[in-house]
A.B. asks: 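Please see the structure below; I have some questions.
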Number of protein chains: 2
Amino acid sequence: MEGRKGDVSTSREAAATARRKRPTILDIAERAGVSKSLVSLALRNDLGVGVQTRERILQVAEEIGYRPHVLARALRERRTMRLGVALTSLENPYHTEVFAAVEDAADGAGLSVLLAHGKRAGGHLEERINALLDLNLDGIVVISSWADPAMLQTVSRRAPVVMIGRSLEPVDGIDSVNNDDEAGAALVVGHLAARGHSKILHLTSSLRPAGLARRHGYEAAMRAHGLEAHIRVLARTRGGALQPDLDAALADGYDAVFARNDVEAADVLDHAWDHGLAVPTDLAVVGYDDSMLARRARPRLTSVHQPRQAMGARAVELLIERIDGRLEDRHEVLSPHLVVRESAPQA
Amino acid sequence: MEGRKGDVSTSREAAATARRKRPTILDIAERAGVSKSLVSLALRNDLGVGVQTRERILQVAEEIGYRPHVLARALRERRTMRLGVALTSLENPYHTEVFAAVEDAADGAGLSVLLAHGKRAGGHLEERINALLDLNLDGIVVISSWADPAMLQTVSRRAPVVMIGRSLEPVDGIDSVNNDDEAGAALVVGHLAARGHSKILHLTSSLRPAGLARRHGYEAAMRAHGLEAHIRVLARTRGGALQPDLDAALADGYDAVFARNDVEAADVLDHAWDHGLAVPTDLAVVGYDDSMLARRARPRLTSVHQPRQAMGARAVELLIERIDGRLEDRHEVLSPHLVVRESAPQA
DNA sequence: CTGTTAGCGCTTTCAC
DNA sequence: GTGAAAGCGCTAACAG
């Protein structure tokens, strides 16, 4: 906007040359000697376009490198064939693994997937979700226990929402799919009890729904086994460390730890390494999620496997059902299973 | 399309009730008793709208929960204020860390970021990039050494592209920012030599540009230190394991390993654990990237730090410059530094 | 089978 | 100050 008009238009032209204007169906129509609607129909394989004509049109489209303008199309169709995924913990491998599962499923359904990453604090996640939805996506899957129910409800007025993971109460108007956290926790306690452990600590840093459910599952299972429940709630600092130090938490002579997820189990493993504690001899450790962290850890981590492929697939199906008009809410719960590895091997 | 018209419209109505039609500027105009263009102007703070009127319009917009229709706007403006990021290895923490850096930078510039994840094989990445670009994003940053130069060039005709990471030759028409891999490798060799190591193995699984550059840097540095270079090229299986087994690679009595990246360094650490090798006493290990894996590993991994924050920020700046019309290519190289930890401590 | 036409929601001259 | 009108690229009636 500075300089003379001449300058501006010159530089515009230069830029335009560098980045050529994209061809439209009109260009195809012209080159193929048909009308623009014909092209539109041919492009979308509408029957009722002469085979010859269609052939020619497709060919021309190919030639001039035509790409449909999805924005224009979406403006008319009110459908983008795109799903959004909102995440808060890109740094937790389990979450990216779930994302990959959703992506696989969507791919299979001919939908493409966009990811938005929001920080947990403030309204950041909501902002990102809204920015995503501004693109008129057909639906959105939220992978985050940090999503506020009220916020999700607001969002769901714009597009169908399915949440992978747990919310305290089912949220009106949004579907969900998660694993049975209570059952998962019971699996862990059962396994540890069978190994002969009795001083089993449950370590958690989260008062979020999934964490709570695992904790309740742990308590119930301990009771069922006639064992006393021990719980330590730690906070996670900005830097990612657990506070107060694990030292204190582990000082009471526990012989096994069930951590709320793999990340925290890995923290325990690290702590054991740093303090010369032998795992599983001195301390058995079990995680939750069975993420890359569990496979990668040394000793390898026994962990509860969440059926992420199935969860991702189901999430996409639920979304599609919603898009097609389903009105009732659906909440699916899949069963986890325990993957036994070195950090708490079979008895 | 089936059933009588009445049925259809009834179910339509039901769905419409559940998911209300979004308000448009026309709704605002009506409610505020002005014309639609007035609203548009007011919404974008165009001076030349009565203060009173503007006030009222904004208020009404707020009231009815108006959200601009970015697709419609983009259709006119040819600008979406959105950037795309294309990735191939969501499972490599370094890549997600770079993504987060890009996101931070974009946030700062008022741009929002969408992520697309492509598999490395076939044309999958290209497909995903094109799907992303179909949304008329203003630019795209590619974080993948798997991106084919010719493909990138094609893509860059649609929107500005900047690549974070290395390509063999600078690609015409696209910008890049990366770290100096040769210098990074030299840092490693220098450090290991200073610790008194002489049988230093370089382990790599990649014949991609960044891997090659590190390898060349290693060779040159070894030569400079009067040491003999030893290189093992391993393949990675679908499952993620290195093939053939590390056993063979490490059988020749090396006292230090410089791995191509943290993922492979972690493989070496795991291997050492599995075989009772003490690190760093029996074997010193150094990685590259200084990702979460390095911080998390036990012993903690000495690794070359790529300045990802700076790289992400620079990438976004380069993109913005392009959007504003820059035509010459730019290739930036930032300096890495070594982060010394337990797997190869200070001499 | 083919072409014409009217928008989708928004921005932007250009008159009033 | 304000409003009317054209048009971004595409789809979907509807007439020929």
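Reminder, nothing fancy here: chain letters follow the sequence lines and each chain counts from 1. In this text, all values refer to a predicted model and were calculated from it rather than measured experimentally.
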A.B. asks: Hey, which sits more toward the 5' end of DNA chain C by its nearest nucleotide, B/A72 or B/L38?
C.D. replies: B/A72

A.B. asks: Give the rounded distance in Å between these two atoms: CG of B/L75 and C1' of D/dC10.
C.D. replies: 8 Å

A.B. asks: Which part of the nucleic acid, if any, lies within contact of B/G48, taking any heavy atom under 4.0 Å across all strands shown: a base, the sugar-phosphate backbone alone, or nothing?
C.D. replies: base

A.B. asks: Starting from C1' on D/dA6, measure out to NZ on B/K36 and report it in whole angstrom.
C.D. replies: 10 Å

A.B. asks: Measure from CD on B/E77 to C1' on D/dG9 and round the result to the nearest Å.
C.D. replies: 16 Å

A.B. asks: When the distance from CD1 of B/I25 to C1' of C/dT11 is rounded to whole Å, what number comes out?
C.D. replies: 8 Å

A.B. asks: Using a cut-off of 4.0 Å on non-hydrogen atoms, how would the nucleic acid contact of B/V34 be classed: base, sugar-phosphate, or nothing?
C.D. replies: sugar-phosphate

A.B. asks: Does CD in A/E62 sit with more than 12 non-hydrogen atoms of other residues, nucleotides or ligands closer than 6.0 Å?
C.D. replies: no

A.B. asks: For B/S40, report the nucleic acid contact type (base, sugar-phosphate, nothing); a contact means any heavy atom under 4.0 Å.
C.D. replies: base

A.B. asks: For A/S37, report the nucleic acid contact type (base, sugar-phosphate, nothing); a contact means any heavy atom under 4.0 Å.
C.D. replies: base

A.B. asks: Identify all pairs in which a protein N or O lies below 3.5 Å from an N or O of nucleotides 14-16 of chain C, and state each distance.
C.D. replies:
none

A.B. asks: Categorize B/R73 for me: base, sugar-phosphate, or nothing, with a 4.0 angstrom heavy-atom threshold over every strand shown.
C.D. replies: sugar-phosphate

A.B. asks: Could you check whether B/R128 pairs with A/E103 (Lys NZ or Arg NE/NH1/NH2 to Asp/Glu carboxylate O, under 4.0 Å)?
C.D. replies: yes

A.B. asks: Do the charged groups of B/R322 and B/D138 touch, with an N to O distance under 4.0 Å?
C.D. replies: no

A.B. asks: Could you check whether B/R22 pairs with B/D27 (Lys NZ or Arg NE/NH1/NH2 to Asp/Glu carboxylate O, under 4.0 Å)?
C.D. replies: no

